[in-house]
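In each ligand, atom 1 is the first atom listed, and ligand 1 is the first ligand listed. Quick note: residue numbers are just sequence positions, from 1.
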Amino acid sequence: MVIETQSPKETFNVGKKLGEHAIPGQVFTLTGDLGVGKTVFTQGLAKGLGIEETVNSPTFTIVQEYDGGRLPFYHFDVYRIGDAEEMEEIGFDDYILGDGVSLIEWADLIREILPEKRTEILIEKDLEQGFDYRRITIHEPDQS
Ligand code: ADP
Ligand code: MG
């Protein structure tokens with residue numbers, strides 16, 4: 001599915017919708033260049049889960065946990081991760097196998113340890129369509 005947005009607010013609302021419908025154990029992966037709107041999207045998703053706390057990129061930790069919503073929310077930013085082994089050390093498997101909702105920014109860096117069942121979100125700019133245009137592609141890989 002492809003959704004096109006023209007403002008941060010619209011991207012926030014796409015995230016919010018997904019957050020409202022997220023189920024226990026759901027894993028979202030989020031891919032896209034710096035400044036494309038990954039954090040805006042994540043803030044919307046958190047809002048959709050009922051989280052009122054401010055959500056920012058977890059700069060100093062790999063994972064930030066939010067417990068104030070309908071389901072626990074685990075926000076990963078693996079941009080600074082050395083390798084997939086480092087993810088095991090922080091208990092990645094326990095997070096993604098739990099009942100919370102996980103969202104992993106820069107997920108392509110840990111592709112080999114991602115669960116097969118996941119919702120992939122790709123956000124892209126297209127400057128020909130304007131500075132605030134974003135194309136959001138939502139894809140669930142075939143598990144068979
Ligand atoms: P990332 O986390 O991917 O590095 P951010 O979410 O921090 O990116 O920042 C995205 C920036 O792009 C913000 O300054 C936001 O206002 C701006 N922006 C402009 N148009 C959009 C849009 N359609 N969707 C999301 N962000 C947008
Ligand atoms: Mg960010």
Side-chain angles (χ1 to χ4, degrees), residues 1-98 100-141:
M1 182 183 16
V2 175
I3 301 169
E4 297 172 296
T5 70
Q6 306 287 348
S7 69
K9 182 79 198 157
E10 280 180 40
T11 296
F12 181 95
N13 283 334
V14 174
K16 189 168 167 226
K17 260 269 141 51
L18 287 168
E20 283 166 359
H21 292 98
I23 58 169
Q26 190 161 4
V27 175
F28 294 91
T29 64
L30 191 45
T31 310
D33 293 339
L34 207 64
V36 82
K38 296 187 296 299
T39 297
V40 170
F41 175 91
T42 303
Q43 288 167 339
L45 194 133
K47 181 75 176 181
L49 283 168
I51 293 159
E52 296 298 339
E53 238 180 294
T54 307
V55 172
N56 284 307
S57 284
T59 313
F60 300 108
T61 50
I62 292 161
V63 59
Q64 187 77 50
E65 191 169 337
Y66 300 89
D67 289 318
R70 177 171 66 81
L71 295 167
F73 178 47
Y74 312 125
H75 180 201
F76 293 84
D77 186 332
V78 302
Y79 186 67
R80 282 177 192 76
I81 201 81
D83 51 33
E85 249 171 62
E86 226 177 289
M87 291 302 284
E88 282 161 31
E89 281 162 27
I90 65 151
F92 181 64
D93 290 343
D94 295 329
Y95 283 109
I96 62 168
L97 295 173
V101 173
S102 301
L103 180 147
I104 306 155
E105 292 197 42
W106 299 100
D108 34 338
L109 295 176
I110 57 161
R111 188 157 280 289
E112 63 268 35
I113 60 166
L114 293 176
E116 271 180 43
K117 190 166 171 53
R118 59 182 186 259
T119 305
E120 296 181 344
I121 315 285
L122 169 66
I123 311 179
E124 297 165 296
K125 292 186 186 179
D126 181 350
L127 289 176
E128 281 178 19
Q129 310 269 2
F131 191 66
D132 290 343
Y133 171 91
R134 300 292 190 272
R135 183 172 48 245
I136 304 173
T137 306
I138 304 172
H139 173 70
E140 305 203 335

Novice: Among protein heavy atoms, which sits nearest to atom 6 (O) of ligand 1, and what does the distance come to when rounded to 0.1 Å?
Specialist: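 The answer is Val40 N, 3.0 Å.
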Novice: Report the nearest protein non-hydrogen atom to atom 7 (O) of ligand 1: residue, atom name, distance rounded to 0.1 Å.
Specialist: Thr39 CB, 3.7 Å
Novice: Nearest protein heavy atom to atom 15 (C) of ligand 1, by residue and atom, and its distance?
Specialist: Pro8 CG, 3.8 Å
Novice: Looking at Glu88 and Glu85, would you say the former's side chain and the latter's main chain have a donor-acceptor pair under 3.5 Å?
Specialist: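 A pair under 3.5 Å: no.
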Novice: Would you check if there is a donor-acceptor pair between the side chains of Glu105 and His75 at a distance under 3.5 Å?
Specialist: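 Their side chains do contain a donor-acceptor pair, which is all the 3.5 Å distance test asks for.
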Novice: Counting from 1, what ligand 1 atoms have a heavy atom of Leu34 closer than 4.0 Å?
Specialist: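 Here the atoms of ligand 1 in question are 4 (O).
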Novice: Would you say Asp33 contacts ligand 1, with heavy atoms under 4.0 Å as the rule?
Specialist: yes
Novice: Could you list the atoms of ligand 1 found under 4.0 angstrom from a heavy atom of Ser7?
Specialist: 21 (C), 22 (C), 23 (N), 24 (N)
Novice: For ligand 1, find out whether one of its N or O atoms is nearer than 3.5 Å to an N or O atom of Gly37.
Specialist: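 Such a contact does occur with ligand 1.
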Novice: Would you kindly say whether Thr119 and Glu140 are connected by a side-chain donor-acceptor distance under 3.5 Å?
Specialist: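 Side-chain D/A pair, Thr119 to Glu140: present.
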Novice: Would Glu105 count as a polar contact of ligand 1, with the cut-off being nitrogen or oxygen pairs under 3.5 Å?
Specialist: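 By distance alone, the answer is no.
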Novice: Between Lys125 and Phe131, is NZ or CZ placed under 6.0 angstrom from the six-membered ring centre and within 45° of the ring axis?
Specialist: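 The answer is yes; both the distance and angle limits are met.
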Novice: Considering only protein heavy atoms, which is closest to atom 12 (O) of ligand 1, and at what distance to one decimal place?
Specialist: Arg134 NH2, 3.1 Å
Novice: Taking N or O atoms only and a 3.5 Å limit, does Phe131 qualify as a polar contact for ligand 1?
Specialist: no
Novice: Is the Mg ion (ligand 2) under 2.8 Å from any N, O or S atom of Thr39?
Specialist: yes
Novice: Considering heavy atoms of the protein only, find what lies nearest to atom 4 (O) of ligand 1 and give residue, atom and distance to 0.1 Å.
Specialist: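 For atom 4 (O) of ligand 1, the nearest protein heavy atom is Gly35 N, 2.7 Å.
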Novice: At their closest point, which heavy atom of Glu4 faces which heavy atom of Glu10, and how far apart are they?
Specialist: O-OE1, 3.9 Å
Novice: Between Arg135 (side chain only) and Ile3 (backbone N and O only), is there a donor and an acceptor less than 3.5 Å apart?
Specialist: no
Novice: With heavy-atom distances below 4.0 Å as the criterion, list the atoms of ligand 1 near Asp132.
Specialist: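 Heavy-atom distances to Asp132 below 4.0 Å select 19 (C), 20 (N), 21 (C), 22 (C), 23 (N).
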Novice: Check for me whether Gly32 has a heavy atom closer than 4.0 Å to any atom of ligand 1.
Specialist: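 So Gly32 does not count as touching ligand 1.
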Novice: Fit a plane to each ring of Trp106 and Tyr79, take the angle between them on a 0 to 90° scale, and name the class: parallel (under 30°), tilted (30 to 60°) or perpendicular (over 60°).
Specialist: tilted
Novice: I'd like to know if atom 24 (N) of ligand 1 has any protein heavy atom within a distance of less than 4.0 Å.
Specialist: yes
Novice: Which atom pair, heavy atoms only, marks the closest approach of Phe73 to Ala46?
Specialist: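 So the minimum-distance heavy-atom pair works out to CE2-CB, 4.0 Å.
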Novice: Which of the numbered atoms in ligand 1 are below 4.0 angstrom from a heavy atom of Thr11?
Specialist: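 In order of number, 22 (C), 23 (N), 24 (N), 25 (C).
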Novice: More than 12 foreign heavy atoms under 6.0 Å from CG of Asp33: is that the case here?
Specialist: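 No, the 6.0 Å shell around CG holds no more than 12 heavy atoms from other groups.
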Novice: For Ala22 versus Val101, what's the shortest heavy-atom pair and its separation?
Specialist: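 Ala22 and Val101 have their closest heavy atoms at CB-CG2, 3.9 Å.
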